[in-house]
Student: 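Dropping a structure here in structure tokens format, bear with me for questions.
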Amino acid sequence: MVKYGLDYTRCRWILPLLLGIGVIFGIVALAGRGWLESQTLPYVHRASLWESCQRPNAGGEWMCESLMSYAWGRAAAATYLVGFILLVICFALAIIAFAIDTLRFNFIRGIGGLLFVAAVFSIMGLVIYPVKFSTEIEMTGINMFSWAYGFGWTTAIMEICLGFFFCCLPNYEDQILGNVKPTYFYSSP
């Protein structure tokens, strides 16, 4: 990306594209029912960020209880949702920043800072959920935090990594814009 500069058409949109993938992963984590699932037979427990479902035996009906009746459930959902909303705002700002012909590097650094704030909120929600869930909800058998919870962590890790990219990108402003004369290490005899 630095070799061709951000004016190179395909490289210019890599960071906003990665932010878009992070938004998709965040949607999957918010909507997914696989935050916690029974690992072994009988499969009697599953949970999402919003509700916890149990069934008395392997063939019975699922009985769901909202986690929003617990203070920690509201806190986990709210903090993760705030982190997701900040991620969506960063995605929109990145589209705007990279659509302008002349890049605004201070603007890009601000997006990186906002991504770190989004990561803090996301991680708070991702830590509150398993700690309080495992202590306050009665679980039967062996349970595991599953695929949707993994998507939540993937989103948080992407926020941190992209925050570093967005914050460090202005340090290479001259190289990206092509203002630095290239140095050659080969000299002819």
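Just so it is clear, the values below take in all heavy atoms, side chains as well, and ignore hydrogens, waters and symmetry mates.
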Student: What heavy-atom pair brings Gly34 and Ser146 nearest, and what distance separates the two atoms?
Tutor: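 Answer, listing the atom of Gly34 first, then Ser146: O-CB, 3.0 Å.
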
Student: Any side-chain heavy-atom pair from Thr79 and Ile123 closer than 4.5 angstrom?
Tutor: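 Result no, sub-4.5 Å side-chain heavy-atom pair not found.
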
Student: Please report the closest heavy-atom contact between Gly32 and Ser48, naming both atoms and the distance.
Tutor: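 It is O-CB, 3.3 Å.
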
Student: What's the spacing between Ser52 OG and Arg33 CZ if we round to 0.5 Å?
Tutor: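 So the OG of Ser52 and the CZ of Arg33 are separated by 11.0 Å.
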
Student: Would a single hydrophobic cluster contain both Trp62 and Trp50, if residues Ile, Leu, Val, Met, Phe, Trp and Tyr are joined by side-chain heavy-atom contacts under 4.5 Å?
Tutor: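 No, no single cluster joins them.
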
Student: Check the pair Ser122, Glu159 against side chain to side chain contact (heavy atoms under 4.5 Å, CB included), reporting the backbone distance first and the verdict last.
Tutor: CA-CA 9 Å; Ser122 296; Glu159 288 169 346; 3.2 Å; yes

Student: Quick one: OG1 on Thr155 to CD1 on Ile27, what's the gap to the nearest 0.5 Å?
Tutor: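 The OG1 atom of Thr155 sits 9.5 Å away from the CD1 atom of Ile27.
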
Student: Once rounded to the nearest 0.5 Å, what's the spacing between atom CD1 of Ile111 and atom CD1 of Ile108?
Tutor: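 The CD1 atom of Ile111 sits 6.5 Å away from the CD1 atom of Ile108.
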
Student: Quick one: do Met144 and Trp147 end up in the same hydrophobic cluster if we chain Ile, Leu, Val, Met, Phe, Trp and Tyr together by side-chain heavy atoms under 4.5 Å apart?
Tutor: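 Met144 and Trp147: separate clusters.
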
Student: Less than 4.5 Å apart, side chain to side chain, heavy atoms only: is that true for Leu15 and Phe166?
Tutor: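 Touching, per the 4.5 Å side-chain cut-off.
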
Student: State yes or no: do Ile157 and Leu162 share one hydrophobic cluster built from I, L, V, M, F, W and Y residues joined by side-chain heavy-atom distances below 4.5 Å, directly or via other members?
Tutor: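 Not linked; separate clusters.
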
Student: Could you check if a side-chain atom of Glu37 sits within less than 4.5 angstrom of a side-chain atom of His45, using non-hydrogen atoms only?
Tutor: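 SC-SC contact between Glu37 and His45 ruled out.
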
Student: Check Ile128, Thr135, Val131 against Trp72 for a side-chain contact (heavy atoms from CB on, under 4.5 Å) and give me the one that passes.
Tutor: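 By the side-chain contact (heavy atoms from CB on, under 4.5 Å) criterion, Trp72 pairs with just one of Ile128, Thr135, Val131: Ile128.
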
Student: How many angstroms lie between atom CD1 of Ile21 and atom OG1 of Thr154, to the nearest 0.5 angstrom?
Tutor: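 Taking CD1 in Ile21 and OG1 in Thr154, the distance rounds to 12.0 Å.
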
Student: Between Ala29 and Ala148, which heavy-atom pair has the shortest distance, and what is it?
Tutor: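 Minimum heavy-atom separation between Ala29 and Ala148: CB-O, 3.6 Å.
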
Student: For the atom pair CZ (Arg55) and CZ (Arg46), what is the distance rounded to the nearest 0.5 Å?
Tutor: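 Result: 7.5 Å between the selected atoms.
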
Student: Under the criterion side chain to side chain contact (heavy atoms under 4.5 Å, CB included), I'd like the reasoning laid out for Val23 against Leu19: C-alpha separation, chi angles, the key distance, then a yes or no.
Tutor: CA-CA 6 Å; Val23 168; Leu19 275 175; 5.6 Å; no

Student: How close do Gly152 and Leu126 get, counting heavy atoms only, and between which atoms?
Tutor: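 For Gly152 and Leu126, the tightest heavy-atom pair comes out as O-CD1, 3.4 Å.
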
Student: Using the ring pair (Phe, Tyr, Trp, His ring centres under 6.0 Å) criterion, which residues pair with Tyr129? Sequence neighbours excluded.
Tutor: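 So Tyr129 forms a ring pair (Phe, Tyr, Trp, His ring centres under 6.0 Å) with Trp35, Phe133.
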
Student: Can you measure from CZ (Arg109) to SG (Cys168) and round to the nearest 0.5 angstrom?
Tutor: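 One gets 8.0 Å once the value is rounded to the nearest 0.5 Å.
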
Student: How far apart are the closest heavy atoms of Cys167 and Gly113, and which atoms are they?
Tutor: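 Taking Cys167 first and Gly113 second, the nearest heavy atoms are SG-N, 3.8 Å.
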
Student: Phe25 and ring pair (Phe, Tyr, Trp, His ring centres under 6.0 Å): which single residue from Phe151, Tyr149, Phe84 fits?
Tutor: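 One option only clears the test, and that one is Phe151.
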
Student: Kindly indicate whether the side chain of Leu115, heavy atoms from C-beta on, has any atom under 4.5 Å from the side chain of Phe164.
Tutor: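 Not in contact.
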
Student: What residues form a side chain to side chain donor-acceptor pair (under 3.5 Å) with Glu65, not counting sequence neighbours?
Tutor: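 Here the qualifying residues are Tyr70.
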
Student: Is any side-chain heavy atom of Cys53 closer than 4.5 Å to a side-chain heavy atom of Met63?
Tutor: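 Not in contact.
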
Student: Measure across Phe145 and Pro130 and return the closest heavy-atom pair with its distance rounded to 0.1 Å.
Tutor: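 That would be CZ-CB, 3.4 Å.
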
Student: Between Leu49 and Leu81, is the side chain to side chain contact (heavy atoms under 4.5 Å, CB included) condition met? List the steps.
Tutor: CA-CA 10 Å; Leu49 181 60; Leu81 196 58; over 6 Å; no

